[in-house]
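Accompanying notes for the structure given below.
Atom set for the values below is all heavy atoms of this structure, side chains included, hydrogens, waters and symmetry mates excluded. Everything numeric in this text was worked out from a predicted model, so none of it was measured.
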Amino acid sequence: MKLPNWVQKYPQAILFILTLLIYANTLTNEYALDDAIVITENNYVKQGIEGIDDILSTESFTGFFGFDKQLVAGGRYRPLSIATFALEHEFFGQNPFISHLINILLYAFVVVLIFQVLQKSSRVATEAAFIIALLYSLHPIHTEAVANIKGRDEILAFLFVLLAAKWLLYSQKNKFLVYSAAAISMFLAMLSKEHAIAFVVLLPLCLYYLKRPKSELIRAGLATLIPAALFILIRYQVLGGMQIQESSALMNNPFVDMTTGEKYATILLTWLWYLRLLIVPHPLTYDYYPYHVPITGWDSIYPWLTLVLVIALLFFAVKTLINRKFYGFWVWFFIGTFILMSNLFFPIGTFMNERFMFMPSLAFSVALGYGIHWLLKQKTYTRAGFAVLIIVGLGYSVKAIDRNRDWKNDFTLFTHDVQISENSAKGNCVAGGQLYEKAIEQSNTSQKQDLLQLARKYLEKAIDIHPTYNDAHLLYGNTLFASDEPLKEVMPHYLSILNRAPRHQSAWKNALAVLQKGKPKNRLQWYKKLNSIDSTRFEINYQMGNIYGKHLNDLKKAEKYLKRAIQIKPGSIKALKDLAVVYGLTRRYKASVSQLRKVVKLKPEDASAWYNLGLSLNAMGQIDEAQKALDKAHELNPEQKRVVIRK
């Protein structure tokens, strides 16, 4: 039994329109997740066309961090998708509607290209090609790549790979142009995302399975190898060598605290999770950070089960190399597109991500599509085939549309997915952070406290999972302070960060801001602890000097810390004035005058400085100079009573 005539007549239009409809509800979504890194907070992108040179010549996250910060092994060089964001900014500004629309259109083109590539292959029937492309377009595991604007790197990479495949597989005229076009497409695919380099092997291998002449295999090999060599050369010039230096931070290397056995057992577990999500894509989450995926050992059955499946697939794939059965190619396709993102050879920064299945999932769609197509061809199982297609298609569609809503914005995504990734330190941390920010915006006290309480719950969980997680400690300290908790509850979290990372600017900023409130003695003890971490900070020395002098009447210590503050920041008006007061109280009027003259030179409009200068000069017996200073103070501040010195 064949598919309906209208499907056979307009298959590409149907695939294109259906894909648009499935993702249409993303058009009202905002920016989310890593969009800040590559779009909204990327300084190169915000420069528009002028920033493209920098995008092409730096690591992909430099525009966000301001310097080359290679968070994962080997760094990232994916300039093409980021350059498209710069072009968008040039013509549309920051407009998430446009960005989402472009993502949907690109994805629809990917789906159509999959159909075209499969249809023209002598090994895939048109009906089967349609079913495979349909299943691929509807699969909910692709929502992360499509609904999250940053996922454009995945979409563009596959789009250009499919264009290269189309050129290599089906165009027979003007072969120089054909192979040149394929080479350019491959180069653009690798500029979109590095793992497209797998097709340097996979595209010639596809021709091998299709039993094309050796001359075609050689030309195809050159058409993929030459752009790959050029890409590697450019990447080397931008990032340096291909050395793999593993991060020691848990959030950038989830295996850092594991034994070797635990590492590889856990990696194999994630492979099994991928298979489960391909078959039953629920629940979906952006967050597979430690420890949503649990640490696994070889005493678990799951790594062994994965190992058996991998060995069986490899045996099957190797066997097909001899008989060149085309279905064997799809095993190699899955291996080739997945292996670089599998954590097997180097850590990719997280246990797994659904977007990493954007390319490999085509192999699954091929297997499922072939199965359904086979059922449709059997008279006995035709109805069963249609039933499976309808059930799977509707199930995928409903799930994809529903999942798109979760990508509305950071708040929606983080607070939803933390309920799935409940054992993820990062998920709990960012959910707590979003709730904290929402609470700060609230004018209703009761609602504010409810949000802060929920934020505390998630942040406590994040710290429980990862006790040295700086981001979680920072947000937890902020949340406790907003909840009016005492300094003894708030400050340990900032100190925890600073003891591990003495240059953590956000922790310093927040700690010093928090210490503006509270009883002087309580504040002083925390300033002392901060001073033991870094004694060269002006604000700490100034505040200690101020507290010792103003509140504790310990003028000796006040002088010590105020002098140190002035050494650090010689032009500080407040430190100079306070030190002058100390000198005045200890009757060292000459020293007091010296400090105050510096103040009025730096800030001639400071009435209080002129007034104090007049008092100190008077105490020294310099009556005329004192009167001039006092008159100047009254001139600057007429509300202050004029003082006349009696001679």
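Between the side chain of Thr84 and the backbone N or O of Ser81 there is at least one donor-acceptor pair closer than 3.5 Å. Remark: the backbone N or O of Gly349 is not paired with any side-chain donor or acceptor of Asn253 at under 3.5 angstrom. Side-chain atoms of Glu262 come within 3.5 Å of backbone atoms of Thr259 as a donor-acceptor pair (strictly under, hydrogens ignored). Judged by distance alone, the side chain of Asn353 and the main-chain N or O of Arg355 form no donor-acceptor pair under 3.5 Å. In this structure a side-chain-to-backbone donor-acceptor pair under 3.5 Å is missing from Trp407 to Thr26. Put simply, the side chain of Asp257 never gets that close to the backbone of Leu250: no donor and acceptor are under 3.5 Å apart. Side-chain N or O atoms of Ser421 include none that pairs as donor or acceptor with a backbone N or O of Val418 at under 3.5 Å. For the pair Asn343 (side chain) and Met352 (backbone), a donor-acceptor distance under 3.5 Å is absent. Looking only at distances, no side-chain donor or acceptor of Asp153 sits under 3.5 Å from a matching main-chain atom of Lys193. Although no hydrogens or angles enter the test, the distance criterion places a donor-acceptor pair under 3.5 Å between the side chain of Arg324 and the main chain of Tyr208.
The shortest distance between side-chain heavy atoms of Ile184 and Phe187 does not fall below 4.5 Å. Side chains of Ser342 and Ile267 form no contact here, defined as non-hydrogen atoms less than 4.5 Å apart. Between Ile149 and Phe85, some side-chain heavy-atom pair lies under the 4.5 Å cut-off. Within the 4.5 Å cutoff, side-chain heavy atoms of Ile335 are placed close to those of Val331. Glu127 has its side chain out of reach of Leu376: every pair of non-hydrogen atoms, C-beta onward, lies at least 4.5 Å apart. Side-chain contact between Phe115 and Ile14 is absent, with no heavy-atom pair separated by less than 4.5 Å. At least one side-chain heavy atom of Leu33 sits under 4.5 Å from a side-chain heavy atom of Leu413. The shortest side-chain heavy-atom distance between Thr19 and Val110 does not fall under the 4.5 Å cut-off.
Proximity of the aromatic rings of Tyr327 and Phe316 is defined here by a centroid distance below 6.0 angstrom, and this criterion is met. If you look at Phe333 and Trp330, their ring centroids are closer than 6.0 Å.
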(message) Checking Tyr136 against Phe364 for the ring-ring contact (aromatic ring centres under 6.0 Å, His included) test, could you report, in this order, the C-alpha distance in whole Å, the side-chain angles of both residues, the deciding distance, and whether it holds?
(response) CA-CA 9 Å; Tyr136 181 88; Phe364 173 78; over 10 Å; no
(message) Run the side-chain contact (heavy atoms from CB on, under 4.5 Å) test on Trp271 and Leu344 for me, step by step, so that the C-alpha distance in whole Å, both residues' side-chain angles and the decisive distance to 0.1 Å come before the verdict.
(response) CA-CA 10 Å; Trp271 296 4; Leu344 185 62; 4.2 Å; yes
(request) For side-chain contact (heavy atoms from CB on, under 4.5 Å), just list the numbers for Trp273 and Phe351, CA-CA rounded to whole Å, side-chain angles, deciding distance to a tenth of an Å, and then say yes or no. (result) CA-CA 11 Å; Trp273 278 33; Phe351 285 120; over 6 Å; no
(request) Please step through side-chain contact (heavy atoms from CB on, under 4.5 Å) for the pair Leu375 and Phe386, ending with a clear verdict. (result) CA-CA 8 Å; Leu375 289 173; Phe386 270 112; over 6 Å; no
(request) Show the numbers, then the answer: is there a side-chain contact (heavy atoms from CB on, under 4.5 Å) between Thr306 and Leu269? (result) CA-CA 7 Å; Thr306 309; Leu269 174 66; 6.0 Å; no
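The two residues Ala265 and Pro303 come nearest to each other via the heavy atoms O-CG, 3.6 Å. Shown here for Asn404 and Ala147, the closest heavy-atom pair between the two residues is OD1-CB, 3.8 Å. For the residue pair Ala164 and Ala182, the shortest heavy atom distance occurs at CB-O, 3.7 Å. The minimum heavy-atom distance between Pro360 and Phe334, with the atom names listed, is O-CD1, 3.4 Å. Nearest heavy atoms, Gly336 versus Ile339: O-CG2, 3.9 Å. The heavy-atom pair separating Phe231 from Tyr77 by the smallest distance is CE1-CD2, 3.9 Å.
Within a 6.0 Å radius of OH in Tyr381, no more than 12 heavy atoms belonging to other residues, nucleotides or ligands are found. With a 6.0 Å radius and a threshold of 12 heavy atoms from other residues, nucleotides or ligands, Tyr302 has its OH atom at or below the threshold. When the shell of 6.0 Å around CD1 of Ile301 is examined, it contains 12 or fewer heavy atoms from other residues, nucleotides or ligands. For Arg383, the CZ atom counts as loosely surrounded, since its 6.0 Å shell holds 12 or fewer non-hydrogen atoms of other residues, nucleotides or ligands.
Remark: Lys263 NZ to Met258 CE distance equals 10.0 Å, nearest 0.5 Å. Taken to the nearest 0.5 Å, the CG atom of Leu362 stands 8.5 Å off from the OG1 atom of Thr337. Atom CD1 of Ile420 sits about 7.0 Å away from atom CG of Asp406, to the nearest 0.5 Å. The line from OG1 of Thr350 to CG of Asp287 is 7.0 Å long, rounded to the nearest 0.5 Å. Interatomic distance, NE2 of His139 versus CG of Leu278, reported as 5.0 Å (0.5 Å rounding). Between the CD1 atom of Ile348 and the CZ atom of Phe255 there is a distance of 7.5 Å, given to the nearest 0.5 Å.
Side-chain contact check for Trp332 and Tyr209: at least one donor-acceptor pair (N or O, by modelled atom type) lies under 3.5 Å. In the model, His292 has no side-chain atom that pairs as donor or acceptor with a side-chain atom of Thr285 under 3.5 Å. Side-chain N/O atoms of Tyr44 and Thr62 include no donor and acceptor closer than 3.5 Å.
Relative ring orientation between Phe326 and Phe329 is described as parallel, the plane-to-plane angle staying below 30° on a 0-90° scale split at 30° and 60°.
For Asp34, there are no salt bridge (Lys or Arg N to Asp or Glu O under 4.0 Å) partners, not counting sequence neighbours. Considering only residues two or more places apart in sequence or on other chains, Tyr10 meets the ring-ring contact (aromatic ring centres under 6.0 Å, His included) condition with none of them. Residues passing the ring-ring contact (aromatic ring centres under 6.0 Å, His included) test with Tyr23 are Tyr107, sequence neighbours excluded.
For the side-chain contact (heavy atoms from CB on, under 4.5 Å) test with Val117, the passing option among Leu169, Val112, Leu163 is Leu169; the others fail.
Arg152 and Asp35 are not joined by a salt bridge, as no carboxylate oxygen comes within less than 4.0 angstrom of a charged side-chain nitrogen.
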